[in-house]
Amino acid sequence: MTEAQTVTKADWGKMPDGKSVEIYTLKSAQVEARVTTYGAHLVSVRTADKNGKVADIVLGYDSLAGYLADKSYLGAIVGRYGNRIAKGKFTLEGQSYQIPPNNNGNALHGGPVGFDQHVWSAQQVPGGVELTLVSADGDQGFPGTLTATVRYTLHGDSLRIDYSAKTDKATVVNLTNHSYFNLHGDDAGDILDQRLTLFADRYTPVDAGLIPTGVLAPVAGTPLDFHSQHTIGERIHADNEQMKLAGGYDHNFVLNGKMGEMHVAASVVDPTSGRTLTVTTTEPGVQFYSGNFLDGTLTGRHGIVYSQHKGLCLETQHYPDSPNHSNFPSTELKPGAKWHSTTIFTFGTE
Ligand code: BGC
């Protein structure tokens, strides 16, 4: 590591069953990030704006109680299968599996009790923390004992997340981080005036349940074209079927970069604070979600109400419902193989 960085650990309360929860604080000259062992949530990311004013740029709660009641996956690691599986059903090696539906008849983010609702074991590593969760064979209906590891490390202006997983029986895996970013700071306005670039020529159009139709459609000529910078609000109410189905942006973008190699997925600029965010990943897709379903019923840190479009998610991932689309990159993991992915969030100002 090139710069002085510190990692500290503190108690963060107890689960209803008495299990202890911890919080780790990762600090560099530019960024302070906090990660809890409950759901491996990224609780807080504090950075300075162009005038040196520091704010939290992810949505979150003050305490464990907020996360225990959360239904919107604020900062969570979602798994075993992030995003949707149609009707919660898929077939693997001739066997049918059923994940209990928890979102309009489909399985979302790993089913009713996903990885976001477990206490992970943790150990400090240079510059960060490594969290591990063992999900039993049959957990939420998925086959195979899956051991998942998520390592958060800070490197100056960059927060790196390395994911890995192994199984003892063929299964499916799609792990991601579900942070809601707001580059204004969590106490100031929504994300509609922030400027987004997506490095994607295509996306996966969805049906009314937000399940991909299987087509990889060009973004060109649609409100989903972010080849050049556009504010998020500019076309969010456009007369476009896909935008209406999702109530805004809630789509998986097919990244142009090569899967398995680091490539830039997205960048966000806030013209007011000057803050920037760049997302780099090995994953083939990114779900851009503009916080459409935040409806003001959630109150976050410091009593701030999370109304619609208060935060935006850039969830690096394999495509939704991949187990049911043989033309999508496979999410299958076999015993003896290791599943890996890396995503880096780089924070700056301009
Ligand atoms: C999904 C949204 C969902 C949100 C919170 C996102 O990953 O794409 O449809 O509302 O997670 O659950």
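Given the structure is predicted, the values throughout are model-derived calculations rather than measurements. First listed ligand is number 1; within each ligand, the first listed atom is number 1. Numbers here are sequence positions counted from 1.
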Between ligand 1 and the protein, which N/O pairs are shorter than 3.5 Å?
from     : atom 1 : to     : atom 2 : distance (Å)
ligand 1 : 7 (O)  : His109 : NE2    : 3.0
ligand 1 : 7 (O)  : His178 : NE2    : 3.0
ligand 1 : 7 (O)  : Glu315 : OE1    : 2.7
ligand 1 : 7 (O)  : Glu315 : OE2    : 3.0
ligand 1 : 8 (O)  : Asp250 : OD1    : 2.5
ligand 1 : 8 (O)  : Gln287 : NE2    : 3.2
ligand 1 : 9 (O)  : Arg84  : NH1    : 3.3
ligand 1 : 9 (O)  : Arg84  : NH2    : 2.7
ligand 1 : 9 (O)  : Asp250 : OD2    : 2.4
ligand 1 : 11 (O) : His109 : NE2    : 3.0
ligand 1 : 11 (O) : His178 : NE2    : 2.7

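In this structure, the side chain of His309 engages the main chain of Ser290 through a donor-acceptor pair within 3.5 Å. For the pair Gln5 (side chain) and Leu154 (backbone), a donor-acceptor distance under 3.5 Å is present.
In this structure, His237 has no side chain to side chain contact (heavy atoms under 4.5 Å, CB included) partners at least two apart in sequence or on a different chain. The side chain to side chain contact (heavy atoms under 4.5 Å, CB included) check on Arg46 picks up Glu32, Ser44, Val54, Asp56, with sequence neighbours excluded. Shown here are the side-chain hydrogen bond (donor to acceptor under 3.5 Å, both in side chains) partners of Lys50, two or more places apart in sequence or in another chain: there are none.
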Begin with the C-alpha distance, continue with both residues' side-chain angles, and end with the deciding distance and a verdict on side-chain contact (heavy atoms from CB on, under 4.5 Å) for Tyr289 and Tyr73. CA-CA 12 Å; Tyr289 170 53; Tyr73 305 89; over 6 Å; no
